[in-house]
Amino acid sequence: METVMGNGNGQATSGGRAANAPHSDLVLPYGDQRNDGVVQVSFTLPVAAGPLAEEAARQTMKLMGLEDPQVAEATAIGEEFTFFVGYGKLTRAVELSKLRVAAPMWEELDQAAVNQLVQDTLGRPMVVVGAATGSDAHTVGLDAILNYKGFAGNRGLEAYSAFKVVNMGSQVPNEELVAKARELGADAILVSQVVTERNVHLANLTNLVELLEAEGLRDQVVLVVGGPRITHALAIELGYDAGFGPSTRPQDVASYLAQEVSRRMLN
Ligand code: B12
């Protein structure tokens, strides 16, 4: 993860400059040449394949802000739909120095350093309770973070001596999660939310925070949420300590947990 600076409200900001664009703060997509703005898009229109559908596709690309739109491929999908691949040019650039990016504050530590930091801080393993909560039946993401085998060649939290991991699995009611956290004296609660249809995750995540507050446990635990549509900014807004999104590696979470528990001990 790139270097981040605290902004004083529990988030971190980064004005990041693209490493490969030392002279320009303005970036456009790269097609054939740097900053030519060329992008490829794909979409389906509910129009039968033919000249009308192709013109509708070009107009659609113009509405996306693309100049010189071209249809590269138009494939009929059934009788009334056409799938398109198109090319076009973006002319408005992103100004990197104006971006504010929220990210959890931690430095990447290797497994030995995480184990050492937790040992130095607590003198015992951190107790970590994880669950996919509410109606959510997706376990792969949570398992990727917690299980020994981990994710993309990166070992899960079970592989660290720094963590005692309890994985409660999927569709765990918030009440059961809170009861288990209390029973085990959890140092951290790790929640997975993959289904976000109709914002079902928002009510469920808020409910967990309310339950923890009602039980007087909220300040006792590091509260983390992860999932493909989760951002750190959203997590903070909902009352969590950190949020982890797509492609998170167990080492990211391990590094964050070790540093967060250490930071709390020092405060
Ligand atoms: C496998 C799968 C299923 C399996 C799940 C099996 C299982 N045991 O997990 C089954 C078939 C059960 C399933 C069911 C459903 N699914 Co489904 N499913 C998927 C699928 C194909 C892959 C998900 C996955 O495993 N990804 C791989 C993992 C490694 O990635 P990840 O979850 O993002 O996890 C990473 C990060 O997000 C993060 N992370 C995740 N959790 C956590 C937690 C913590 C604490 C941390 C730190 C990090 C973290 O770290 C992980 C590693 O980097 C996705 C589509 C897709 N390609 O993503 C749809 C998808 C997630 N499913 C979807 C839907 C709608 C459903 C159903 C509602 C379908 C239906 N109508 O019945 C049901 C819901 C069931 C329920 N009650 O939850 C939608 C969700 C849309 C949305 N935004 O809400 C998706 C996106 C498909 C789609 N395009 O519509 N599904």
Side-chain angles (χ1 to χ4, degrees), residues 1-2 11 13-103 132 134-138 140-141 144 151-152 192-205 225-238 243-249:
M1 176 160 291
E2 63 191 316
Q11 296 185 23
T13 58
S14 165
R17 178 185 285 271
N20 58 356
H23 304 302
S24 174
D25 191 41
L26 300 174
V27 288
L28 279 159
Y30 182 116
D32 295 325
Q33 293 165 10
R34 183 183 290 267
N35 286 347
D36 61 12
V38 175
V39 296
Q40 175 181 316
V41 292
S42 63
F43 54 91
T44 299
L45 290 181
V47 184
L52 178 63
E54 291 193 23
E55 187 52 31
R58 276 188 284 274
Q59 290 305 321
T60 301
M61 286 188 272
K62 277 193 177 168
L63 291 173
M64 292 177 190
L66 297 178
E67 285 191 358
D68 193 17
Q70 294 169 33
V71 172
E73 187 176 322
T75 305
I77 312 177
E79 288 178 4
E80 293 174 16
F81 295 85
T82 311
F83 172 74
F84 294 95
V85 175
Y87 292 105
K89 273 186 182 186
L90 278 171
T91 53
R92 296 179 66 188
V94 168
E95 206 170 338
L96 294 179
S97 60
K98 294 226 168 118
L99 302 181
R100 310 302 289 170
V101 182
S135 61
D136 209 312
H138 296 83
V140 180
F151 177 66
S192 182
Q193 293 284 271
V194 174
V195 175
T196 56
E197 278 177 327
R198 299 181 193 198
N199 285 334
V200 63
H201 62 309
L202 299 182
N204 190 43
L205 288 169
V225 56
R229 304 274 165 91
I230 301 296
T231 62
H232 183 61
L234 174 68
I236 297 294
E237 196 183 317
L238 295 176
F244 289 86
S247 305
T248 301
R249 300 167 317 144

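All values below were derived from every heavy atom in this structure, side-chain atoms included, with hydrogens, water molecules and symmetry-related copies excluded.
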- Query: Would the number of heavy atoms belonging to other residues, nucleotides or ligands and lying under 6.0 Å from CZ of Arg229 be above 12?
  - Reply: no
- Message: Atom OH of residue position Tyr87 - does it have more than 12 heavy atoms of other residues, nucleotides or ligands inside 6.0 Å?
- Response: no
- In Å and rounded to the nearest 0.5 Å, what is the CG to CD distance from Leu234 to Gln193? 10.5 Å
- Task: Output yes when a side-chain donor or acceptor of Ser192 lies under 3.5 Å from a complementary backbone atom of Ala132, and no otherwise.
- Result: no
- Without swapping roles, check the side chain of Thr82 against the backbone of Val47 for a donor-acceptor pair under 3.5 Å. yes
- So, the side chain of Asp36 versus the backbone of Asp32: is there a donor-acceptor pair under 3.5 Å, distance only? yes
- Task: For the pair Leu205 and Val225, evaluate side-chain contact (heavy atoms from CB on, under 4.5 Å) and give the outcome as yes or no after the intermediate values.
- Result: CA-CA 8 Å; Leu205 288 169; Val225 56; 3.6 Å; yes
- Task: Nearest 0.5 Å please: distance from the NZ atom of Lys62 over to the CG atom of Asp68.
- Result: 9.0 Å
- Backbone N/O of Val195 and side chain of Asp136: donor-acceptor pair under 3.5 Å: yes
- What pair of heavy atoms forms the shortest contact from Leu45 to Ala53, and how long is it? CD1-O, 4.0 Å
- Message: When you compare the side chain of Pro29 with that of Val38, does any pair of heavy atoms fall below 4.5 Å?
- Response: no
- Note on the structure: d(Asn204 CG, Thr196 OG1) to nearest 0.5 Å is 12.5 Å
- Query: Can you name the nearest heavy-atom pair linking His201 to Ile230, along with the distance?
  - Reply: CD2-CD1, 4.2 Å
- Can you tell me how far CD of Glu54 sits from CD of Gln70, rounded to the nearest 0.5 angstrom? 12.0 Å
- Task: For residues Ser97 and Asp25, report the shortest heavy-atom separation together with the two atoms involved.
- Result: OG-OD2, 2.5 Å
- Item | Enclosure of Glu95 CD (heavy-atom neighbours >12, cutoff 6.0 Å) | yes
- Query: What's the verdict on side-chain contact (heavy atoms from CB on, under 4.5 Å) for Met61 and Phe84, showing C-alpha distance, side-chain angles and the deciding distance?
  - Reply: CA-CA 10 Å; Met61 286 188 272; Phe84 294 95; over 6 Å; no
- Query: Quick one: CD on Gln40 to CG on Leu66, what's the gap to the nearest 0.5 Å?
  - Reply: 11.5 Å
- Message: How long is the straight-line distance from OG1 of Thr44 back to CZ of Phe81, given to the nearest 0.5 Å?
- Response: 8.5 Å
